[in-house]
Amino acid sequence: MRHLLSIADLDRSDLESLLNLTDRFVEVSRRPIRNVPALRGRTVVSLFFEDSTRTRLSFETAAKRLGADVMTFSVGTSSVKKGESLRDTVETISAFGIDAIVVRHASSGVPSTIRRWTSAAILNGGDGWHQHPTQALLDSYTIRSHFGSLDGLRIAIVGDIKHSRVARSDVQAFTKLGAEVVLVAPPTLLPPSLEGWPVTVSHDLDAVVGTIDVCYLLRMQRERMVEALVPSLREYAQRFGLSPERADRLGERAIIMHPGPMNRGVEISPEAADRPNAVVTEQVANGVAVRQAALFRLLGTESQLESLEPKGTS
Amino acid sequence: MADRERRGTPPYGGEFVARSVVMDSDDLTRAIRRMAHEIVEHNHGLDGVELIGLQTGGVPLARLIADDLEEIEGVRLDVGVLDVAFYRDDIGIRPVLAEEVTEIAFDVDAKTVVLVDDVLFTGRTIRAALDALGAYGRPRSVQLAVMIDRGHRELPIRPDYVGKNLPTRRDEVVDVSPEGVRLGEMVRR
């Protein structure tokens with residue numbers, strides 16, 4: 001594994017091996033000293049063209065806990081403002097001698113494009129509506145830690161599927177790990193075509209809520225109002241929000257998930273968000289360990305197992 | 001040699017072929033018994049002594065030493081388990097497989113910690129273990145017990161308790177299992 005660009009590039013055994021490595025870092029996070037020097041001397045750059053606090057901080061925390069040096073590139077204070085191209089920005093940063101770039105961009109495909117301009121490993125921190133692979137890994141990890149395995153689970157992803165890279169990544173990861181996914185959304189918030197998506201679709205949360213193990217709510221973005229994809233936030237909340245009544249109808253062991261930041265009162269009621277089976281902060285905590293696993297996998301040596309093998313050096 | 005060491009020894013993906021048997025299982029039992037006695041003697045009992053087995057080969061050995069210590073002194077020591085993968089200095093140079101559990105349920109502060117491993121070779125694992133131990137506290141002293149000392153040290157590290165000193169070539173491989181100790185090499189499949 002040279003880059004982490006998309007869940008689509010990973011098969012079930014890749015995903016499981018990353019989740020197993022995450023277990024190790026969760027254990028490290030319980031030690032009195034949470035830092036290990038595994039990536040000492042490596043440099044990780046976070047290159048965020050789109051606002052993000054949790055993903056960027058989570059990646060930076062992960063890199064620091066591995067002993068790597070972290071450089072933060074924030075677009076607001078950079079030459080991008082002066083009109084520097086993406087390519088020049090990437091080539092300039094690479095010239096400092098760096099080992100990994102964590103990139104987030106509003107355009108789909110940016111992470112896979114920039115890998116041609118640098119020798120650093122690329123980690124996708126979210127690109128457009130396309131992919132957010134570490135979110136899918138941390139969601140899978142969180143579910144696995146509650147149920148032992150995703151095999152045979154029924155997971156509902158509720159909300160704005162169309163504009164959601166989280167949904168696209170999660171659908172791939174959850175189904176590769178053996179879960180069944182049902183998308184719950186109004187037709188306006190579904191992609192024009194779901195061909196090739198291994199999912200079922202429902203427009204009625206009430207019909208689904210009693211049958212699922214995981215209720216995954218997506219953030220309802222206010223911009224969607226402007227585009228008139230839903231009549232009003234209030235109506236959306238009534239039909240697709242997780243109200244206390246709907247949360248009551250979830251199975252006994254079912255968990256409530258959200259990628260954050262939550263719009264309390266829209267996709268999730270404040271009361272449901274604070275229930276013991278809402279695992280949102282657990283997702284955040286697991287995010288650091290998952291990103292440690294991803295960084296260690298790319299910058300550590302496991303990838304060298306294959307690259308060293310043919311040479312047979314001793 | 002545990003499976004993980006085997007996978008991390010070149011040629012990668014090769015197979016271990018034994019050339020000679022160095023110790024049989026009875027020899028191992030006797031060596032473990034002697035090392036347990038030495039630990040008790042050296043520390044004037046087991047007061048403040050803790051055992052930590054290094055993943056992966058040191059863990060079963062540490063448990064066997066703990067069994068003998070219990071017979072000798074009537075005290076059951078809790079065996080800690082330590083995976084040093086994230087503390088190695090050869091990350092990026094050779095495959096480092098990080099998949100084993102670390103669990104140290106006791107406080108190491110001001111204790112005498114006996115690290116246990118199956119084979120002492122370059123000493124780099126032990127250096128990493130000393131670093132890792134530092135994340136848990138500050139032991140009063142750290143001692144080292146190994147079943148086989150095969151030489152070729154790259155760091156100023158020496159064992160306190162040794163099952164057997166075994167002169168080896170650098171490219172040879174020492175395999176420690178409950179059945180005994182074998183000397184051989186990795187052969188490409």
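In what follows, chains carry the letters A, B, and so on, assigned in the order in which the sequence lines appear, proteins first and then strands, with residues in each chain numbered from 1.
Counting heavy-atom neighbours within 6.0 Å of Asp171(B) CG, excluding the residue itself, gives a total above 12. For Glu154(B), the CD atom is densely surrounded, since the number of other residues' heavy atoms within 6.0 Å is greater than 12. More than 12 heavy atoms of other shown residues, nucleotides or ligands fall within 6.0 angstrom of atom CD in Glu70(B). Around atom NZ of Lys111(B), more than 12 heavy atoms belonging to other residues, nucleotides or ligands sit under 6.0 Å away. By the 6.0 Å contact criterion, CZ on Arg253(A) is open, its count of non-hydrogen atoms from other residues, nucleotides or ligands being 12 or less.
Atom CZ in Arg40(A) sits 9.0 Å away from atom CD1 in Ile91(B) (nearest 0.5 Å).
Of all heavy-atom pairs spanning Thr102(B) and Arg31(A), the tightest one is OG1-NH2, 3.3 Å.
Below 30°, between 30° and 60°, or above 60°: for Phe86(B) and Phe296(A) the angle between ring planes is above 60°, a perpendicular geometry.
Heavy-atom distances place no part of Asp23(A) under 4.5 Å from chain B, backbone and side chain included.
Listed for the Arg24(A) side chain is a donor-acceptor partner under 3.5 Å among the backbone atoms of Glu100(B).
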